[in-house]
Amino acid sequence: QIQLAESGGALVQTGGSLRLSCKGSGGTFSSYAMGWFRQAPGKDREFVAAISFNGASTGYADSVKDRFTIARDNAKNTLYLQMSSLKPEDTAVYYCAAVRRKIPPMTQDEYDYWGQGTQVTVSS
């Protein structure tokens with residue numbers, strides 16, 4: 001069973017950049033497809049990005065496409081989310097998630113393991 005821990009959340013200005021990390025432990029990280037989700041105040045948690053077990057395949061929500069990049073380093077058991085051109089509407093708690101599959105789903109119900117989340121706040 002894998003445990004996940006996010007880090008890197010911060011307060012950043014509109015137009016700025018930030019990189020989130022998600023460290024996996026207790027499982028074979030490379031066996032899991034991974035995803036990033038986010039939850040803004042008063043809203044449901046939503047899909048952000050996902051990546052296959054080997055990093056060869058990625059997918060993004062339309063709202064972050066061309067601004068965010070998901071990546072992974074299996075040697076370091078770490079998932080990343082590089083965020084650029086940040087907007088106030090990107091403000092949310094960001095969660096990483098894992099599922100023991102090769103191809104990553106884009107719906108949260110299909111993920112089995114979740115981190116505690118990291119807060120990203122974008123000021124206008």
Side-chain angles (χ1 to χ4, degrees):
Q1 181 169 334
I2 194 169
Q3 290 85 46
L4 303 172
E6 303 94 337
S7 62
L11 172 64
V12 63
Q13 292 186 337
T14 296
S17 298
L18 203 59
R19 188 177 79 161
L20 305 182
S21 299
C22 171
K23 178 79 171 178
S25 61
T28 305
F29 187 77
S30 59
S31 297
Y32 294 84
M34 304 291 295
W36 284 101
F37 292 78
R38 67 186 182 186
Q39 187 167 20
K43 295 188 177 182
D44 293 334
R45 189 158 56 185
E46 64 176 4
F47 169 76
V48 175
I51 189 167
S52 61
F53 74 109
N54 61 358
S57 177
T58 59
Y60 297 91
D62 288 343
S63 59
V64 306
K65 202 172 293 184
D66 299 327
R67 297 190 300 122
F68 291 10
T69 301
I70 189 171
R72 67 190 297 162
D73 185 339
N74 285 344
K76 296 182 178 180
N77 292 347
T78 304
L79 173 73
Y80 302 100
L81 184 68
Q82 178 68 48
M83 305 185 291
S84 61
S85 301
L86 283 161
K87 306 174 182 179
E89 50 263 45
D90 294 318
T91 294
V93 177
Y94 283 71
Y95 299 90
C96 65
V99 60
R100 198 176 176 88
R101 298 184 190 178
K102 293 184 177 181
I103 304 301
M106 297 185 182
T107 54
Q108 58 179 313
D109 291 347
E110 297 186 74
Y111 284 84
D112 296 320
Y113 305 100
W114 292 83
Q116 293 300 306
T118 186
Q119 176 70 48
V120 172
T121 303
V122 184
S123 64
S124 56

Worksheet item: Below 4.5 Å, heavy atoms only, C-beta onward: do P105 and F47 meet side chain to side chain?
Response: no
Practice prompt. Measure the CZ-OG distance between R72 and S30 for me, rounded to the nearest 0.5 Å.
Written response: 7.5 Å
Discussion item. If the threshold is 4.0 Å, N to carboxylate O, is there a salt bridge linking K65 and D62?
Written reply: yes
Worksheet item: Does the Q3 side chain pair with the main chain of Q1, one donor and one acceptor, at a distance under 3.5 Å?
Response: yes
Practice prompt. For the pair S52 (side chain) and A33 (backbone), establish whether a donor and an acceptor sit closer than 3.5 Å, ignoring hydrogens and angles.
Written response: no
Discussion item. If you compare all heavy atoms of R45 against all heavy atoms of F37, which two are closest, and at what distance to 0.1 Å?
Written reply: CG-CB, 3.9 Å
Practice prompt. Work out which heavy atom in R38 is nearest to a heavy atom in A92; give both atom names and the distance.
Written response: CB-CB, 3.8 Å
Discussion item. Let me confirm one number: the CD-OG distance from Q116 to S7, rounded to the nearest 0.5 Å.
Written reply: 13.5 Å
Item to complete: Heavy atoms only: give me the nearest L11-S123 pair and the separation to one decimal.
Response: CD1-CB, 4.2 Å
Practice prompt. Kindly give the cluster partners of I51, where membership spreads through any ILVMFWY side chain lying under 4.5 Å from a current member.
Written response: I2, L4, V12, L18, L20, F29, Y32, M34, W36, V48, Y60, V64, F68, I70, L79, L81, M83, L86, Y94, Y113, V120, V122
Practice prompt. Answer yes or no: is there a side-chain heavy-atom contact under 4.5 Å between T91 and Q119?
Written response: yes
Practice prompt. Return the minimal non-hydrogen interatomic distance between S21 and T78, and the atom names on each side.
Written response: CB-CG2, 4.2 Å
Worksheet item: Distance-only, no hydrogens or angles: does the S84 side chain make a donor-acceptor pair with backbone N or O of R67 under 3.5 Å?
Response: yes
Worksheet item: So do S25 and N77 actually touch side chain to side chain, heavy atoms under 4.5 Å?
Response: no
Practice prompt. Kindly compute the distance separating CG (N54) from NZ (K102), expressed to the nearest 0.5 Å.
Written response: 8.5 Å
Discussion item. List the residues meeting side chain to side chain contact (heavy atoms under 4.5 Å, CB included) with A75, not counting sequence neighbours, and say none if there are none.
Written reply: D73
Fill in: Nearest-0.5 Å distance that lies between atom OG in S17 and atom CZ in R19
12.0 Å
Worksheet entry | Backbone N/O of F53 and side chain of N74: donor-acceptor pair under 3.5 Å | yes
Worksheet item: Side-chain heavy atoms under 4.5 angstrom apart, residues restricted to Ile, Leu, Val, Met, Phe, Trp, Tyr: same cluster for V93 and Y111?
Response: yes
